[in-house]
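To start, the structure itself, in structure tokens.
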Amino acid sequence: MYLIKVSQFCLVLVGVASWCNAEKKPNIVMIVADDVGWNDVGFHGSNQINTPNIDALGLNGIYFDRYYAQQSCTPSRSALLTGRYPIRLGYQGLPINPGENRSISHDFWTLPKALKGLGYMNHLVGKWHLGSASKNFTPQAYGYDSHYGYLDGFVSYFDHDIQSDGHLGKDMYSDHQPLTNTTGEYFTDMVTRRSIEVIKNHPQEKPLHLVISHLAAHTGKSTGDMDGVLEVASDEYNDKKYGYIPDKIRRMYAEIVERMDTSIGDVVEALDRKGILDNTIIVFFSDNGAPTNGFFKNRGSNFPFRGIKLSLFEGGVRVPAVVYSSKFKNKGRIYKNLFHITDWAPTLYSAAGGDASKLGLDGANQWTNLVYDSKLVKRDEILLNIDEVEGYSGLIKGRYKLINSTFGDGDETFNNYTGEVSVNRPYNVRKVLMSKTNRALGNCKTLNQEKLLLALRKKMTMPNCRPNVDTLKCPGECLFDLKEDPCESKDISKKLPRVTENLRNRLQIFNDERKPQLNRPVDPNSNPQHCNGFWYPWMDEDGCWFDSHQI
Ligand SMILES: *[C@@H]1O[C@H](CO)[C@@H](O)[C@H](O)[C@H]1NC(C)=O
Ligand SMILES: *[C@@H]1O[C@H](CO)[C@@H](O)[C@H](O)[C@H]1NC(C)=O
Ligand SMILES: *[C@@H]1O[C@H](CO)[C@@H](O)[C@H](O)[C@H]1NC(C)=O
Ligand SMILES: *[C@@H]1O[C@H](CO)[C@@H](O)[C@H](O)[C@H]1NC(C)=O
């Protein structure tokens with residue numbers, strides 16, 4: 001009786017809300033995690049780390065199965081902003097260092113600029129990492145109305161500093177104004193606070209585009225080493241809470257990921273309180289696979305996939321992703337079509353009422369597929385990347401993937417299977433159902449949520465694949481059948497020479513169209529000592545500002 005009443009009540013509410021919002025453009029909230037692996041979210045089968053809010057977003061929306069990002073931060077973020085492959089922009093190489101003079105040409109279409117044209121307010125909270133040498137290279141120059149956070153690749157979680165070329169400096173800004181009073185505040189909490197402020201203060205009559213770009217779960221210390229996560233909570237706290245995780249560093253990582261998940265719940269709650277949740281599209285994904293080992297190792301796990309951040313094996317580029325919208329016709333499902341990070345720009349632009357068809361983007365507009373659970377748009381191919389300096393590239397076509405040399409010339413650290421999670425607990429379904437996100441979104445669902453969640457989760461859990469040592473190196477060209485062999489253990493390039501040739505030809509076409517990468521050495525003039533210990537847009541005459549006064 002009670003349940004029936006509740007669902008009737010909800011039906012009425014939903015009806016009114018969708019009627020009220022019939023002519024309103026949807027709000028868009030994009031949440032980007034940093035360096036979080038396939039196996040570090042609850043919905044893919046990891047029981048070590050609780051991500052109840054992320055799991056609940058997918059349960060009330062869509063879980064992506066074949067979602068691909070770029071191999072590292074800067075390339076991924078350039079693809080997200082422009083809807084183009086990084087090779088079009090010269091952004092396919094290693095990430096930008098603080099003090100590096102690099103920027104995306106202003107000739108390119110960007111999503112925030114286009115949304116602005118449709119009346120949106122655009123806000124970026126957190127990481128940028130697409131250029132910081134001049135104010136003209138920062139978020140506001142590409143269509144954002146505001147930016148709160150850091151401009152380079154990462155900062156330490158409490159001190160908010162980063163080292164480059166031997167110089168340590170702070171990187172924490174609110175619209176080009178250095179924040180001198182935030183030291184000591186945990187950055188994920190700053191992200192939450194600012195995001196909620198943006199939502200609260202947003203004028204109802206305008207549509208909102210909010211990108212929440214987390215520091216979590218990147219390492220924080222500039223040594224780029226595992227101690228970057230050690231400062232997040234005390235050892236005793238983590239040992240107690242995550243004692244079941246044998247690896248000490250992974251316990252810190254688990255805490256960072258869980259606190260990001262909590263932040264997501266708080267943001268969903270804020271949207272609900274504002275009364276705009278029903279008309280908001282919420283996207284969550286990781287910018288690349290976890291760097292389990294190697295540079296900036298955080299002990300995230302991409303298992304059972306092989307490879308880590310920077311690799312073009314599945315572990316480096318196939319990442320967790322979910323999307324929610326009340327418009328979806330069939331909720332709580334798995335999206336099996338290929339989806340690439342470049343697809344968000346045309347997909348969201350189209351959701352906002354824009355025409356993405358004539359922009360010449362690499363991304364595919366998959367909005368109709370997502371809303372109607374249809375297969376009208378077929379994305380058959382993804383260029384994973386071509387890095388002509390490091391000398392490796394890869395492309396997916398249908399079920400096949402061609403790898404042409406590997407990052408670090410087959411170095412085990414980047415290309416082997418790693419990060420297997422040996423100790424697990426039972427999956428905490430109740431935590432998902434009781435999460436802030438599910439309480440805000442799932443009220444109207446039937447009792448079957450628990451059953452549905454477990455069934456979907458089972459479908460998304462990869463069967464364990466075992467490495468085949470014969471193909472571990474993959475020194476030249478390797479072909480994999482991702483359908484039969486998602487863990488890339490058997491090179492079949494000799495067995496299927498025509499498929500291999502077809503994919504090689506496609507890769508060659510992209511290679512012919514590729515721009516040379518724009519990476520540069522660090523400019524010594526960028527030294528933060530010239531600006532009270534802050535990294536600053538040193539190429540501008542008035543780059544260094546403090547308390548509204550030029551230094
Ligand atoms: C920065 O890069 C631009 C081209 O991308 C170049 O024209 C300019 O000279 C560079 N400036 C410095 C100070 O290196
Ligand atoms: C920090 O400074 C900014 C402006 O410089 C101000 O808006 C903010 O309220 C300050 N925060 C705290 C916690 O004092
Ligand atoms: C494969 O990689 C090699 C070495 O980086 C490169 O010379 C060649 O052009 C690549 N082939 C294709 C089809 O891109
Ligand atoms: C690569 O990974 C496999 C599976 O974890 C392991 O058996 C093998 O020893 C690793 N190879 C090297 C050289 O580390």
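In what follows, every heavy atom counts, from backbone to side chain, and hydrogens, waters and symmetry copies are set aside. Counting convention: from 1, in listed order, for ligands and their atoms alike. Count residues from 1 along the sequence.
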Extract all N/O-N/O pairs under 3.5 Å that connect ligand 1 to the protein, and present each with both atom names and the distance rounded to 0.1 Å.
unit_1   : atom_1 : unit_2 : atom_2 : d
ligand 1 : 2 (O)  : Asn101 : OD1    : 3.3
ligand 1 : 2 (O)  : Asn101 : ND2    : 2.5
ligand 1 : 2 (O)  : Arg520 : NH1    : 2.9
ligand 1 : 2 (O)  : Arg520 : NH2    : 3.3
ligand 1 : 11 (N) : Asn101 : ND2    : 2.8
ligand 1 : 14 (O) : Asn101 : ND2    : 3.0

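- For Phe305 and Phe313, the ring centers are positioned 6.0 Å apart or more.
- A ring-centre distance under 6.0 Å is found for Phe296 and Phe154.
- No donor-acceptor pair closer than 3.5 Å links the side chain of Asp171 to the backbone N or O of Tyr150.
- Judged by distance alone, the side chain of Ser72 and the main-chain N or O of Asn288 form no donor-acceptor pair under 3.5 Å.
- Judged by distance alone, with hydrogens and angles left aside, the side-chain atoms of Thr292 form a donor-acceptor pair with the main-chain N or O of Gly300 at under 3.5 Å.
- Formation of a donor-acceptor pair under 3.5 Å by the Asn365 side chain with backbone atoms of Ser357 is not found in this model.
- Residues in residues 496-518 take part in these ring-ring contact (aromatic ring centres under 6.0 Å, His included) pairs, two or more places apart or across chains: Tyr85-Phe510.
- Considering both main-chain and side-chain atoms, Ser393 never comes within under 3.5 Å of ligand 3 through any nitrogen or oxygen pair.
- Ligand-side atoms of ligand 3 in range of Arg504: 13 (C), range being under 4.0 angstrom from any heavy atom.
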